[in-house]
> 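Take this structure, written in structure tokens, and hold onto it; I'll ask about it next.
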Amino acid sequence: MELGSREAFSRMGTLGIEEEFYIVDADGRPTSGTDDLVYGRDPPAAVPEGFDHELFECTIEAQTELIEDGDDAGDALATVREALVDHAAVDGYRVAAAGLHPAAKWRELDHVQKPRYRAQLDCIQYPQHRNTTAGLHVHVGVDDADKAVWVANRLRWHCSVLLALSANSPFWNGFDTGLASARAKVFENLPNTGIPSAFEDFDAFQRYERRMVETDSIADRGELWFDVRPHTGHGTVEVRAPDAQRDPDVTLALAEYVRALVVDYAERYEDGESLPSLRRELLDENKWRAIRHGHDAAFVDRDGEGTTPLGEVVDAECDRLGISGVREVYDAESGAARQRRIREESGPDALREDLLLNA
């Protein structure tokens, strides 16, 4: 039984970034390639741990090293991305990024043979069979287990803000869904996803985690796919809400925001601060607003008394936390709007080309 412990939570403010990408052919169409890139040969020297499988043979995950200083995140991310692009090119592949690839048709794509994923497909069936999603996951170290749970509880409200800022998946199986993040809607059809309930403390979370394993609801803690969770193996708070991004500056801005939030809430926990908390149903409403409207969303406030447009939320957060990246993300064209514009103006070939990572 793979379960973590309190002892895992020992370091404050470290950062880790996980990005999921699509392996594509010369025409930018998703293609089976993880066997070649994960198992076919040794990993690149810059990423000695290599890259990880995802559910489909056209999807792959790349992780940064543990980042001690947030100022080093840009170099760490560039190292991993450049290594992946070069690694893929050796076998004639390219790499693309979006929450959902507009040319990915799940019925025509192969699942991996890895036993873990075959077991998930057998257990979950249809929702997992069509799960061609690609997300961005940000880990921030927290030095106390109860603090990590308290912080994760507070970050639930911010997950919708992060999703709206990152919304980058308007197309599903080749058609326009009318959503800004169809990825989030596709993914939340899996069990143990979405915005979780609040947990009283670490013991309460660990009891839940243990019960899910012992009742064969999940194979291990890694199958709790919530938008935010205390990661009891890494000793982090992990935020899993955003869509994957082509532009590394957007990834870095979202990671900066997550890290600033975790550090800020950790300090509030130390000060014994008590904060208002919305019902989960209203948190779900905020997530729907992010899914549907992206940058144009307005969110139910923390006190439940009104709504605030995303732009005003971003301005307030940047001023409060002393960051600027997500303000630039908001002021720029959203990923969803960009995809729609390029396909409308130049067609699907141009859109597939635009999603490619240069490095």
Side-chain angles (χ1 to χ4, degrees), residues 11-19 64-81 97 135-143 147-148 150-168 180-181 227-228 236-271 273 275 286-287 289-290 294-299 301-302 308-335:
R11 307 181 74 179
M12 187 67 225
T14 58
L15 180 65
I17 302 171
E18 302 174 1
E19 296 185 287
T64 66
E65 63 182 0
L66 181 69
I67 302 166
E68 302 278 0
D69 186 335
D71 291 339
D72 296 331
D75 289 341
L77 191 71
T79 295
V80 174
R81 283 181 167 226
L136 164 64
H137 307 158
V138 180
H139 289 262
V140 181
V142 179
D143 57 3
K147 184 192 301 183
W150 192 91
V151 170
N153 287 342
R154 271 67 197 173
L155 259 64
R156 295 180 308 148
W157 187 87
H158 298 273
C159 283
S160 296
V161 175
L162 285 155
L163 176 58
L165 286 166
S166 72
N168 189 31
S181 176
D227 289 351
V228 59
T236 62
V237 170
E238 180 186 11
V239 172
R240 302 166 51 86
D243 281 2
Q245 303 295 316
R246 176 190 60 85
D247 186 344
D249 288 339
V250 177
T251 294
L252 290 169
L254 296 170
E256 176 192 46
Y257 181 35
V258 172
R259 184 174 183 272
L261 284 169
V262 172
V263 171
D264 176 68
Y265 278 125
E267 292 173 353
R268 297 191 192 196
Y269 173 85
E270 296 289 354
D271 291 339
E273 186 170 340
L275 297 171
N286 277 349
K287 183 176 181 180
R289 290 168 177 235
H295 281 199
D296 295 326
F299 299 111
D301 296 329
R302 293 294 292 264
T308 302
L310 176 62
E312 293 182 22
V313 173
V314 168
D315 283 341
E317 291 286 84
C318 286
D319 291 344
R320 182 175 69 86
L321 298 170
I323 59 175
S324 60
V326 288
R327 181 179 279 127
E328 295 171 8
V329 171
Y330 174 75
D331 288 341
E333 184 180 39
S334 73

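Residue numbers count from 1 along this sequence. No hydrogens, no waters, no symmetry mates; every other heavy atom, side chains included, goes into these values.
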> Would you say that Arg81 contacts Thr251 through its side chain, given a criterion of any heavy-atom pair below 4.5 Å between the two side chains?
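Yes, close enough: below the 4.5 Å cut-off.
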> How far apart are the closest heavy atoms of Cys318 and Val326, and which atoms are they?
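Heavy atoms only, the tightest pair is SG-CG2, 3.6 Å.
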> Below 4.5 Å, heavy atoms only, C-beta onward: do His139 and Val237 meet side chain to side chain?
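With C-beta onward as the side chain, the pair stays apart.
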> Do the non-hydrogen side-chain atoms of Glu65 and Thr79 ever get within less than 4.5 Å of each other?
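They are not in contact (no side-chain heavy atoms under 4.5 Å apart), so the answer is no.
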> Nearest 0.5 angstrom please: Asn153 CG to Tyr265 OH, how far?
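Here the interatomic distance stands at 11.0 Å.
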> In Å, rounded to the nearest 0.5 Å, how long is the span from CZ of Arg259 to CG of Leu252?
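Taking CZ in Arg259 and CG in Leu252, the distance rounds to 13.0 Å.
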> Looking at Trp150, I'd like to know if the NZ or CZ of Arg154 sits under 6.0 Å from its six-membered ring centre while staying within 45 degrees of the ring's axis.
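So Arg154 does make the cation-pi contact.
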> Should Glu18 and Arg240 be marked as a salt bridge (Lys or Arg N to Asp or Glu O under 4.0 Å) after you check the CA-CA gap, both sets of side-chain angles, and the distance that decides it?
CA-CA 9 Å; Glu18 302 174 1; Arg240 302 166 51 86; 5.4 Å; no
> Is it true that Asp264 and Arg268 make a salt bridge, defined as a side-chain N closer than 4.0 Å to a carboxylate O?
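Looking at Arg268 together with Asp264, the answer is yes, because their closest N to O distance falls below 4.0 Å.
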> For the residue pair Met12 and Val142, establish whether any side-chain heavy-atom pair is separated by less than 4.5 Å.
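Counting from C-beta outward, Met12 and Val142 do come under 4.5 Å.
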> Tell me if a side-chain donor or acceptor on Arg327 pairs with a main-chain N or O of Asp315 at a distance below 3.5 Å.
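At least one qualifying donor-acceptor pair exists.
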> Of the non-hydrogen atoms in Ser160 and Phe299, which two are nearest, and what is the gap between them?
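Shortest heavy-atom contact: O-CZ, 3.6 Å.
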> Is there a side-chain contact between Val140 and Leu15 (heavy atoms, below 4.5 Å)?
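Yes, their side chains come closer than 4.5 Å.
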> How many angstroms lie between atom CG of Asn168 and atom CG of Leu163, to the nearest 0.5 angstrom?
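Between atom CG of Asn168 and atom CG of Leu163 there are 11.0 Å.
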> Give me the atom names and distance for the closest heavy-atom approach of Ala266 to Lys147.
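Of all heavy-atom pairs spanning Ala266 and Lys147, the closest is CB-CD, 3.7 Å.
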> Check this for me: does any side-chain nitrogen of one of Arg320 and Glu317 sit under 4.0 Å from a carboxylate oxygen of the other?
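Glu317 and Arg320: salt-bridged.
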> Strictly distance-based, threshold 3.5 Å: is any side-chain N or O of Thr64 a donor or acceptor partner for the main-chain N or O of Leu77?
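No, the answer is negative, given that no donor and acceptor are paired below the 3.5 Å cut-off.
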> Under a 3.5 Å cutoff, is there a donor and acceptor pairing between the side chains of Asp301 and Thr308?
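Judged by distance alone, the side chains do pair up.
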> Between Glu68 (side chain only) and Leu66 (backbone N and O only), is there a donor and an acceptor less than 3.5 Å apart?
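Between the backbone of Leu66 and the side chain of Glu68 there is no qualifying donor-acceptor contact (under 3.5 Å).
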> Please round to the nearest 0.5 Å and tell me the distance separating atom CG of Leu165 and atom CG of Leu310.
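Those atoms lie 5.0 Å apart.
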> Between the side chain of Asp227 and the main-chain N/O of Arg156, is any donor-acceptor distance below 3.5 Å?
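It does not hold such a pair.
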> Within the distance-only criterion (no hydrogens, no angle test), does the side chain of Asp271 pair as donor or acceptor with the backbone N or O of Glu273 below 3.5 angstrom?
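Not a single qualifying donor-acceptor pair exists.
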> Closest heavy-atom contact between Ala255 and Ile17?
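Looking at all heavy atoms of both residues, the closest pair is CB-CD1, 3.8 Å.
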> Checking side chain to side chain contact (heavy atoms under 4.5 Å, CB included) for the pair Val250/Ser166: CA distance, chi angles, key distance, verdict?
CA-CA 8 Å; Val250 177; Ser166 72; 5.7 Å; no
> Show the nearest heavy-atom pair for residues Ala167 and Gly294, with the distance to one decimal.
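Nearest pair, atom of Ala167 first, then Gly294: CB-CA, 4.1 Å.
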> Mind checking whether Val138 and Leu254 have side chains closer than 4.5 Å, heavy atoms only?
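Not touching, per the 4.5 Å side-chain cut-off.
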> Indicate the atoms forming the closest heavy-atom contact of Ala290 with Ala180, along with that distance.
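The answer is O-CB, 4.1 Å.
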> Taking the side chain as everything from C-beta on, heavy atoms only, tell me whether Tyr257 gets closer than 4.5 Å to Val161.
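Of all side-chain heavy-atom pairs linking Val161 with Tyr257, at least one is under 4.5 Å.
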